[in-house]
Amino acid sequence: MLRRAGPSLRHFLLEKNSSAGHSSCSREAKMSRPVQARRLEGIDKNIWVEFVKLAATYSKVNLGQGFPDFPAPDFLTEALTRALGGGNHMLHQYTRAFGHPPLVKVLAQFFEKLLGRDLDPMTNVMVTVGAYQALFCCFQALVDEGDEVIIIEPFFDCYEPMVKMAGGTPVFVPLRPNPPKDGKLMSSADWQLDPAELASKFSERTKAIVLNSPNNPLGKVFSRGELGLIAELCVKHDVLCISDEVYEWLVYDGKQHIRIGHYGLWWTESSHVPLMQPERSMLSSAIGVSLLSLPASLQGMWDRTVIIGSAGKTFSATGWKVGWVVGPDRLLQHLRTVHQNSVYHCATIAQEAVAQGFQRELMLYGKPESYFVQLPKELQQKRDWLVQSLDGVGMKPIIPEGTYFLVADISPFKSDVPDVPNSDEPYDSRFAKWMVKNKGLAAIPLSAFYSEAHKNNYTNFIRFCFAKEEATLKAASDILQKWKQEKTSL
Ligand code: PMP
């Protein structure tokens with residue numbers, strides 16, 4: 001019934017307009033004031049719209065946008081099926097606006113383990129529509145007109161427009177590559193912050209810094225030393241830290257993801273695991289200080305950090321769009337205000353299934369059967385496979401320490417896509433477009449992860465996503481090999 005009502009209503013309106021002599025054109029012409037809100041100026045173009053469309057139109061193999069093409073784990077999809085058909089019809093209704101109680105409770109339990117501190121599920125955790133909405137809430141709630149927000153380049157591209165929409169000014173600081181010695185392949189660890197340059201970006205106008213470790217697109221996992229430096233600067237200048245940790249479980253080669261919100265509880269270089277309460281007490285007596293008597297600079301980060309996570313990345317289910325924020329109530333209370341006045345609520349049933357996923361992971365914490373242990377193992381193999389095949393054709397990869405992205409140097413293939421002098425479009429962007437149209441392989445140009453002012457700084461790189469089935473990676477490798485052979489036989 002409702003379906004049939006749609007077209008007839010449209011028909012009625014069309015007839016009404018045409019009988020009154022209106023056309024959509026004349027209606028547009030009558031608008032004398034600007035339609036677009038000022039806050040959207042300069043942020044209306046988005047590279048993803050273009051590249052997602054190109055991939056959909058031309059790609060035979062899509063290693064562009066970041067999502068797995070393998071299934072989400074059975075325990076998660078089974079949890080969803082149970083939630084759907086398990087007889088609790090209330091799971092189809094609204095739940096608590098700031099997070100379904102079972103999900104915020106288990107997230108609090110989980111993060112208590114990771115952060116070594118007690119958490120209140122109702123005030124220290126908020127569930128969002130993906131990490132994307134978590135970021136939006138942070139910028140809207142914490143950034144004012146005139147505030148500066150430091151963003152480390154290259155960066156997940158939505159940070160810049162979100163800061164601008166909140167009225168803030170993004171201030172960029174680059175990770176600078178140091179060429180590796182002895183002809184070795186570069187690692188994401190070779191891209192580093194210059195401490196003096198970073199320090200020079202902090203001022204009395206700085207409200208926050210955005211940290212993304214492991215970093216999209218490079219896969220850099222920030223070291224304890226680098227995080228310590230950022231933490232010291234945040235404390236010194238009274239700056240907040242928006243810590244985007246969506247790839248927290250995707251770290252390789254035995255590396256550890258270190259949480260900046262945990263800073264102050266790191267204690268010693270040798271404590272590679274988060275410390276639980278009894279261990280903390282033992283350690284405090286061993287080093288002869290209680291936690292509270294530590295210098296303020298070593299206590300400061302929890303109070304000024306919001307930690308952002310994503311079930312999409314954590315459980316290989318990006319389409320579910322369940323994310324969260326963990327942090328002190330003094331910050332989260334303002335995020336709740338934005339959430340309740342914008343999105344208000346996330347799908348109950350997806351939250352229920354993610355809660356069950358976390359309950360399983362809590363039980364299996366650190367064990368070999370844990371998904372958070374298995375997934376990085378599998379992804380590391382995929383990474384190594386793609387590294388080898390890119391290296392084999394001369395597209396030198398930068399080995400990522402984390403995430404499921406890999407950036408590669410396209411220099412040896414440049415002769416196929418000649419440079420256009422004075423073009424406003426960065427070379428890597430034209431290269432990626434040419435590659436998908438002519439070779440059927442989709443990737444994302446690295447310049448998409450730089451600000452407008454710096455988009456021409458590194459234009460020899462493209463980003464691949466390796467969270468893909470073996471067959472997909474093999475198909476990508478076949479395309480590259482064939483291309484290489486065509487080049488050498490010329
Ligand atoms: N942060 C980073 C660094 C990301 O790469 C992404 C997704 N590509 C997000 C946030 C958004 O995550 P979600 O899909 O959960 O909204």
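Just so you know, ligand 1 is whichever comes first in the structure, and atom 1 is the first atom listed for that ligand. One is the number of the first residue; the rest follow in order along the sequence. Every heavy atom of this structure was used, including side-chain atoms; hydrogens, water molecules and symmetry mates were not.
Taking distance alone, with nitrogen or oxygen atoms compared against 3.5 Å, Ser310 approaches ligand 1 more closely than that limit. In terms of polar-atom proximity, defined here as any N/O pair under 3.5 Å, Lys321 does make such a contact with ligand 1. Among the atoms of Ala131, some N or O lies under 3.5 angstrom from an N or O of ligand 1.
Between Phe98 and Tyr344, the ring centre distance reaches or exceeds 6.0 Å. The distance between the ring centers of Phe172 and Phe155 falls below 6.0 angstrom.
Looking at atom 5 (O) of ligand 1, its nearest protein heavy atom turns out to be Tyr247 OH, 2.6 Å. The protein non-hydrogen atom at the shortest distance from atom 3 (C) of ligand 1 is Asp244 OD2, 3.3 Å.
Interatomic distance, Lys367 NZ to Glu361 CD, rounded to the nearest 0.5 Å: 11.0 Å.
A cation-pi arrangement is present between Arg360 and Phe75, with the terminal nitrogen or guanidinium carbon under 6.0 Å from the aromatic centre and inside a 45° cone about the axis.
With a heavy-atom cut-off of 4.0 Å, Phe156 touches ligand 1 through its side chain alone. Residue Gln133 does not touch ligand 1, judged by heavy-atom distances below 4.0 Å.
For Thr95, the side chain to side chain contact (heavy atoms under 4.5 Å, CB included) partners two or more places apart in sequence, or in a different chain, are His100, Pro101, His345, Thr348, Gln351. With sequence neighbours left out, the salt bridge (Lys or Arg N to Asp or Glu O under 4.0 Å) criterion links Lys105 to no other residue.
Checked for salt-bridge contact, Lys382 and Glu469 miss the test: no charged N lies under 4.0 Å from a carboxylate O.
Each of the following atoms of ligand 1 lies closer than 4.0 Å to a heavy atom of Lys313: 6 (C), 7 (C), 8 (N). Residue-ligand proximity, Asn212 to ligand 1, at heavy-atom distances under 4.0 Å covers atoms 3 (C).
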